[in-house]
Amino acid sequence: MPIMTVRDVCYEYIKGKPVLKNVDLDLEQGLVYCIFGPSGCGKTTLLSLMGGLDVPTSGEILFGGKTIKEIGDSEYRRHCVSFVFQNYNLIDYMTPEENVRLTTKENPLKYLTQVGLKRTEARRNVMKLSGGQQQRVAIARALASGAPVILADEPTGNLDEDTADEIIELLKQNARELNRCVVIVSHSNAVAEASDIVLELSHGVLNRVK
């Protein structure tokens, strides 16, 4: 059984102007998915719906065969999915260590060093880090959560090419070795090429292209 199912989902910001049209998608553990498409096509909207941050206009999203409503919004977001937000959503008065510690009982440095942060950087206030470093903290926080589904919105957007490649490999490793489902929204051809399954979103319709 798929870990997550998007069933006949439609979404409208303005009545009569659909952003998503009857989207169907089954997501399996152990795989990396890339949702590809131009800016403004609804990729982030779809990710938000999958993460329980918004509600479809029609259709439903199921996790383990249960709807988000049946699981409970807070329970779903706490235990079923973890996010890598495009704008990081870090707690700005904390250090990277403290941000990651919110999602795990393990040593945060285990995850921060995996994404390339030095021990000294892990103990600075996050607002004193570069955008690329903050992005790495956001990725480390998601990895540390232990949630079976990782939803990542442009996780390599602020990283240099070499670091981006390392992060993609780290996400793939998490999918393979920890049996997680990783869903990445991206404009990057490199991310698409590295993913197991590529889905293109265009004019509200989602189609598999790989």
Side-chain angles (χ1 to χ4, degrees), residues 3-4 27 29-34 44 47-54 61 63-64 66 68 71-160 162-186 191 194:
I3 191 167
M4 183 182 290
L27 295 163
Q29 289 175 272
L31 295 175
V32 177
Y33 296 79
C34 176
T44 296
L47 210 67
S48 294
L49 295 172
M50 292 165 66
L53 301 178
D54 208 341
I61 293 168
F63 181 92
K66 294 183 178 180
I68 295 174
I71 297 168
D73 291 347
S74 60
E75 181 76 7
Y76 178 75
R77 290 192 293 264
R78 186 177 298 118
H79 298 294
C80 301
V81 297
S82 60
F83 266 98
V84 180
F85 292 97
Q86 194 170 5
N87 61 351
Y88 321 132
N89 276 27
L90 301 174
I91 298 177
D92 60 11
Y93 58 82
M94 288 185 172
T95 65
E97 269 191 307
E98 291 166 337
N99 269 275
V100 174
R101 193 174 285 120
L102 295 173
T103 65
T104 183
K105 294 180 180 179
E106 296 185 74
N107 184 349
L109 285 172
K110 170 184 173 181
Y111 299 96
L112 291 164
T113 54
Q114 280 183 345
V115 298
L117 241 67
K118 298 175 182 176
R119 193 177 289 261
T120 52
E121 294 166 340
R123 289 169 177 162
R124 292 180 194 161
N125 180 279
V126 292
M127 299 309 291
K128 294 182 179 178
L129 301 178
S130 68
Q133 289 170 324
Q134 290 182 43
Q135 183 73 297
R136 296 183 204 195
V137 178
I139 293 165
R141 183 178 59 185
L143 296 175
S145 73
V149 176
I150 295 175
L151 303 172
D153 192 356
E154 297 286 358
T156 62
N158 291 308
L159 303 176
D160 62 78
D162 288 343
T163 303
D165 289 343
E166 290 171 9
I167 293 299
I168 293 168
E169 285 305 310
L170 182 58
L171 290 170
K172 287 176 69 174
Q173 181 184 348
N174 267 259
R176 303 284 188 277
E177 297 180 6
L178 302 178
N179 201 31
R180 288 171 130 169
C181 172
V182 179
V183 184
I184 304 173
V185 158
S186 182
V191 172

message = Main chain of Phe63, side chain of Tyr76: is a donor-acceptor contact present, judged purely on distance under 3.5 Å?
response = no

Backbone N/O of Leu129 and side chain of Gln134: donor-acceptor pair under 3.5 Å
yes

Heavy-atom side-chain contact between [X] and [Y] under 4.5 Å:
X: Thr113; Y: Leu117; answer: no
X: Ile150; Y: Cys181; answer: no
X: Leu143; Y: Leu170; answer: yes
X: Ile184; Y: Val182; answer: yes
X: Val183; Y: Met50; answer: yes
X: Thr95; Y: Asn125; answer: no

Residue list, side chain to side chain contact (heavy atoms under 4.5 Å, CB included) with [X], at least two apart or on another chain:
X: Thr104; value: Val100, Glu106, Tyr111, Ala144
X: Asp73; value: Ile68, Arg77
X: Leu102; value: Ile91, Met94
X: Asn179; value: Gln29

List for me each residue that meets side-chain hydrogen bond (donor to acceptor under 3.5 Å, both in side chains) alongside [X], sequence neighbours excluded, and say none if there are none.
X: Asp162; answer: none
X: Lys172; answer: none
X: Asn89; answer: Asn87
X: Ser130; answer: Gln133

Asp54 and Ser48: side-chain donor and acceptor closer than 3.5 Å? no

Euclidean distance, [Y] [atom2] relative to [X] [atom1], rounded to 0.5 Å:
X: Arg176; Y: Asn174; atom1: CZ; atom2: CG; value: 11.0 Å
X: Glu166; Y: Leu171; atom1: CD; atom2: CG; value: 12.0 Å
X: Leu47; Y: Asp153; atom1: CG; atom2: CG; value: 5.5 Å
X: Asp92; Y: Met127; atom1: CG; atom2: CE; value: 5.5 Å
X: Ile61; Y: Ile71; atom1: CD1; atom2: CD1; value: 11.0 Å

Taking every heavy atom of Ala164 against every heavy atom of Leu159, the minimum-distance pair comes out as N-CB, 4.1 Å

Residues 116-144 vs salt bridge (charged side-chain N to carboxylate O under 4.0 Å, His left out), sequence neighbours excluded, gives Glu97-Arg123

If you look only at distance, which donor and acceptor atoms sit under 3.5 Å apart when one is on a side chain in residues 79-86 and the other is two or more places apart or in another chain?
unit_1, atom_1, unit_2, atom_2, d
Ser82, OG, Ala142, O, 3.3
Ser82, OG, Ser145, OG, 3.3

Next on the checklist: Go through it in stages, so that I can follow the logic: the residues are Tyr88 and Val126, the test is side-chain contact (heavy atoms from CB on, under 4.5 Å), and I'd like the CA-CA distance, side-chain angles, deciding distance and then a yes or no.
Outcome noted: CA-CA 11 Å; Tyr88 321 132; Val126 292; over 6 Å; no

